[in-house]
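Here the structure is laid out as structure tokens; the discussion comes afterwards.
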Amino acid sequence: MTTDTSKTIYTAADLDGLDHLDSAPGEAPFVRGPYASMYTQRPWTIRQYAGFSTAEESNAFYRQALAGGQKGLSVAFDLATHRGYDSDHERVRGDVGKAGVAIDSVEDMRRLFNGISLQDVSVSMTMNGAVLPVLAAYIVAGEEQGARQAELAGTIQNDILKEFMVRNTYIYPPQPSMRIVADIIEYTAQNMPKFNSISISGYHMQEAGASLVQELAFTLADGREYVRAALAKGLDVDAFAPRLSFFFAIGMDFFAEAAKLRAARLLWSRIMAEFEPKNPKSMMLRTHCQTSGVSLQEQEPYNNIVRTAFEAMSAVLGGTQSLHTNSFDEAIALPTEMSSRIARNTQLILAHETGVTDVVDPLAGSYYVEKMTADMAEQAWALIEEVEARGGMTAAIETGWPKAQIETAAIQRQAAIDSARQVIVGVNKYQRDESDPIEVLDIDNNAVREAQVAQLRSLRDTRSTDRVDAALAALEAAARSDGNLLAATVEAMRVRATVGEVSDCLRAVFAEYDGNPSLVRGVYGAELADDPQVKTLIARITAMDSAPRLYMAKLGQDGHDRGSRVIASAFLDFGYDVQTSPLFQTPEEAAQQAIAANAQVVGVSSLAAGHKTLLPALIEALRAGGRDDMIVICGGVIPSQDYDILKAAGVAAIFGPGTNVIDAGAAVLDLVTGKIRNT
């Protein structure tokens with residue numbers, strides 16, 4: 001916990017000895033905000049994260065958002081692009097255009113920003129694994145619009161360390177991945193003075209279940225590691241540090257989230273002082289924030305509008321520099337235009353109707369918030385020092401330690417929700433029998449993929465193969481030596497190499513990372529050891545001749561594995577025999593491994609909207625392997641209108657967001673024993 005939970009009142013005595021109270025806004029350690037005037041002269045930037053289907057459809061959405069008051073663009077790419085595959089690759093047939101926009105080449109990037117001047121609009125891009133070809137395609141598209149590289153403004157996420165901990169859209173092992181990060185920092189420092197070379201992200205840690213202290217500590221430890229990598233390239237700290245940016249999640253712990261941002265600025269100033277910068281801006285933490293996706297619920301989805309509004313207010317009171325507000329329907333499907341407009345208007349109302357922009361740091365001096373800021377900073381610093389003792393973040397990640405810490409926190413939180421110790425309105429308390437139906441966005445994955453494949457075919461027919469081959473050979477040579485990888489990739493994308501071709505070139509040099517860490521065991525069971533439902537479930541399984549066998553699969557390129565790993569860990573504690581798949585399986589690979597494991601049940605976690613393609617393909621592969629008796633279940637972000645389609649394909653049970661894990665364990669056991677009930 002970040003404060004003494006036995007206290008219900010705070011007084012001036014709680015502020016004794018807190019050194020950070022003496023600083024003004026815009027002064028180190030920047031607890032009260034990085035700028036002296038904060039929002040009184042200019043509000044935070046409204047930067048909605050969006051992208052879906054084709055470049056043309058995303059372009060239309062961006063232009064509408066800019067016309068509606070959005071100040072910058074934040075691009076979501078599909079999982080095929082994230083993982084460095086072209087849209088015609090067999091491994092991504094369920095992912096193209098689903099959780100973001102499909103980008104295969106400079107031509108797609110040109111279509112994405114058609115009619116949007118990259119000289120005038122700041123662009124943030126969430127990209128890590130395939131960061132080199134995607135950033136290079138953006139640079140070339142800007143040049144072909146007439147913009148000089150020095151005029152391009154925005155941010156590339158380029159934060160690979162957190163991918164190894166939580167989000168998993170990595171491609172290469174940690175060491176060469178860190179080289180890519182450093183090369184991008186070097187290139188942008190030399191050529192793109194308006195562009196932020198990295199956005200160090202805690203968002204995905206909290207979404208994966210990290211506590212606020214873990215999110216704060218691991219994010220800043222990642223930042224320290226990136227600074228060291230850039231310095232190892234011979235860069236002066238003041239040449240790049242002022243353009244490092246951060247990205248935090250904002251959940252429902254209202255005051256703690258605001259305190260977290262204040263503590264982040266305090267600790268980053270302390271960390272950067274180690275490197276002796278001469279420019280005060282090198283010690284200044286600037287951050288983008290996004291309201292929580294995990295806090296959104298499938299049950300009574302209109303409640304999510306209220307949740308998002310509270311989270312947005314918390315981010316603003318904490319002093320964020322830009323903000324994305326999630327749409328209320330994102331626990332169910334991709335957001336519609338209407339739900340996105342409500343999310344954007346939430347920020348406009350906050351900025352123009354609530355008075356929060358009238359004064360700098362309105363929480364300053366709060367006994368509770370100031371004490372919480374100090375406590376959180378102290379606890380996070382202890383965790384940062386533990387990372388240091390393990391050799392720094394790269395070394396710690398290679399052992400799997402941070403990921404295990406986050407998974408333990410995620411399991412503890414799930415147990416608290418399942419036991420109703422943590423109340424979620426409409427989920428484990430104040431439930432209604434039915435939720436109001438809402439319209440959801442459905443992307444025709446097959447149509448998007450066909451369009452992308454046709455454009456790829458046309459590109460390959462019209463480009464110069466010799467020039468592409470020469471540019472890729474130069475990229476490979478740079479990778480095998482110490483050449484700057486972004487510089488070489490820009491030249492490859494300029495002659496119309498594709499995202500997949502660049503990524504495959506680097507795979508040949510660096511290899512592909514395969515991470516499948518051990519499951520955390522014993523945490524869920526210990527948290528609910530006295531729960532009568534858990535005791536009953538364990539007794540039922542113990543009485544069986546053999547434990548029921550569950551194979552947990554992740555299909556396609558979706559690396560978000562919080563749900564599947566929490567379920568797998570809890571089911572182990574119930575007494576199930578659980579095996580987990582590697583990430584990024586095809587349906588055929590999952591079927592082969594499930595058959596080899598002699599599983600009775602295959603569980604599939606789907607968060608990236610590929611379920612209508614991937615689940616039927618899995619069931620067909622099981623049938624082809626002679627195991628049409630195997631029970632297939634699924635869970636995750638699946639709209640209720642897709643349930644009948646999946647059940648007709650052979651899915652036995654579907655567990656949506658907010659499902660009680662104990663209930664799921666009992667329901668699966670009913671399926672195994674033949675005591676089937678309505679799920």
Sorted by chain and number, sequence neighbours left out, side chain to side chain contact (heavy atoms under 4.5 Å, CB included) with Q297 holds for Q299, N304, R307, I424, V427

CD1 of I631 to CG of L671, rounded to nearest 0.5 Å, is 5.0 Å

ring-ring contact (aromatic ring centres under 6.0 Å, His included) filter on F248, not counting sequence neighbours, yields none

request  = Using the side chain to side chain contact (heavy atoms under 4.5 Å, CB included) rule, take D329 and M338 through it: C-alpha gap first, then chi angles, then the decisive distance, then the call.
outcome  = CA-CA 10 Å; D329 50 358; M338 183 270 285; over 6 Å; no

**OP:** For D629, look at atom CG and say whether over 12 heavy atoms of other residues, nucleotides or ligands are found less than 6.0 Å away.
**Re:** yes

dist I638:CD1 -> I332:CD1 (nearest 0.5 Å) comes out at 12.0 Å

Side chain to side chain donor-acceptor pair (under 3.5 Å) filter on S419, not counting sequence neighbours, yields R421

In this structure, CZ of F328 is separated from OG1 of T336 (nearest 0.5 Å) by 6.0 Å

Q) Do NZ/NE/NH1/NH2 and the carboxylate oxygens of R111 and D108 come within less than 4.0 Å? A) yes

Q.
When you compare the side chains of Q452 and D104, does any donor N or O come within less than 3.5 Å of an acceptor on the partner?
A. yes

Margin query: Check D159 with R167, please: is the shortest side-chain N to carboxylate O separation under 4.0 Å?
Written below: no

Interatomic distance, NE2@H204 vs CD@E215, rounded to 0.5 Å, equals 10.5 Å

Quick check: do M205 and T219 have side-chain heavy atoms less than 4.5 Å from each other?
yes

Residues at least two apart in sequence or cross-chain that pass ring-ring contact (aromatic ring centres under 6.0 Å, His included) with H324, listed by chain then number, are none

Self-check item: Within-4.5 Å side-chain heavy-atom neighbours: L537 and L669
Solution: yes

D628 meets the side chain to side chain donor-acceptor pair (under 3.5 Å) criterion, sequence neighbours left out, with none

Residues at least two apart in sequence or cross-chain that pass side chain to side chain contact (heavy atoms under 4.5 Å, CB included) with Q431, listed by chain then number, are none

Check: Do the rings of F164 and Y513 sit parallel, tilted or perpendicular, given the 30° and 60° boundaries?
Finding: perpendicular

Here the gap from Q157 atom CD to S201 atom OG, rounded to the nearest 0.5 Å, amounts to 4.5 Å

Taken in chain and number order and not counting sequence neighbours, the residues that satisfy ring-ring contact (aromatic ring centres under 6.0 Å, His included) with H82 are none

Residue set satisfying side chain to side chain contact (heavy atoms under 4.5 Å, CB included) with L614, at least two apart, ordered chain then number -> L555, P587

Per side chain to side chain contact (heavy atoms under 4.5 Å, CB included), N168 is matched among K403, Q557, H560 by K403

Sequence neighbours excluded, the answer for ring-ring contact (aromatic ring centres under 6.0 Å, His included) partners of F571 is F574, Y576

Across all chains, not counting sequence neighbours, the salt bridge (Lys or Arg N to Asp or Glu O under 4.0 Å) partners of R341 are E337

Exactly one of V123, L112, V75 clears side chain to side chain contact (heavy atoms under 4.5 Å, CB included) with Y138, and that residue is V123

Applying side chain to side chain contact (heavy atoms under 4.5 Å, CB included) to E207 and not counting sequence neighbours gives Y203, S292, V294

Under 4.0 Å between a side-chain nitrogen and a carboxylate oxygen: does that hold for D95 and R93?
no

Point to revise | Heavy-atom side-chain contact between M127 and T81 under 4.5 Å | key: yes

message: A quick test of your reading: do over 12 heavy atoms of other residues, nucleotides or ligands sit less than 6.0 Å from OH of Y302?
response: yes

The reported gap from OG1 in T169 to CD1 in I160 (rounded to nearest 0.5 angstrom) is 6.5 Å

Counting only heavy atoms not in R521, do more than 12 sit closer than 6.0 Å to its CZ atom? no

Within a strict 4.5 Å, meaning less than it, do heavy atoms of the S327 and I342 side chains meet? no

ask   = Judged by modelled atom types alone, do Y524 and Q414 share a side-chain donor-acceptor pair under 3.5 Å?
value = no

Side chain to side chain donor-acceptor pair (under 3.5 Å) filter on T308, not counting sequence neighbours, yields none

Side chains of E407 and S569 only: does a donor on one sit below 3.5 Å from an acceptor on the other? no

**Study point:** Contact check, side chains of D418 and N428, non-hydrogen atoms, under 4.5 Å
**Key:** no

- Query: Relative to Y85, does R449 satisfy both conditions: NZ or CZ under 6.0 angstrom from the six-membered ring centre, and within 45 degrees of the ring's axis?
  - Reply: no

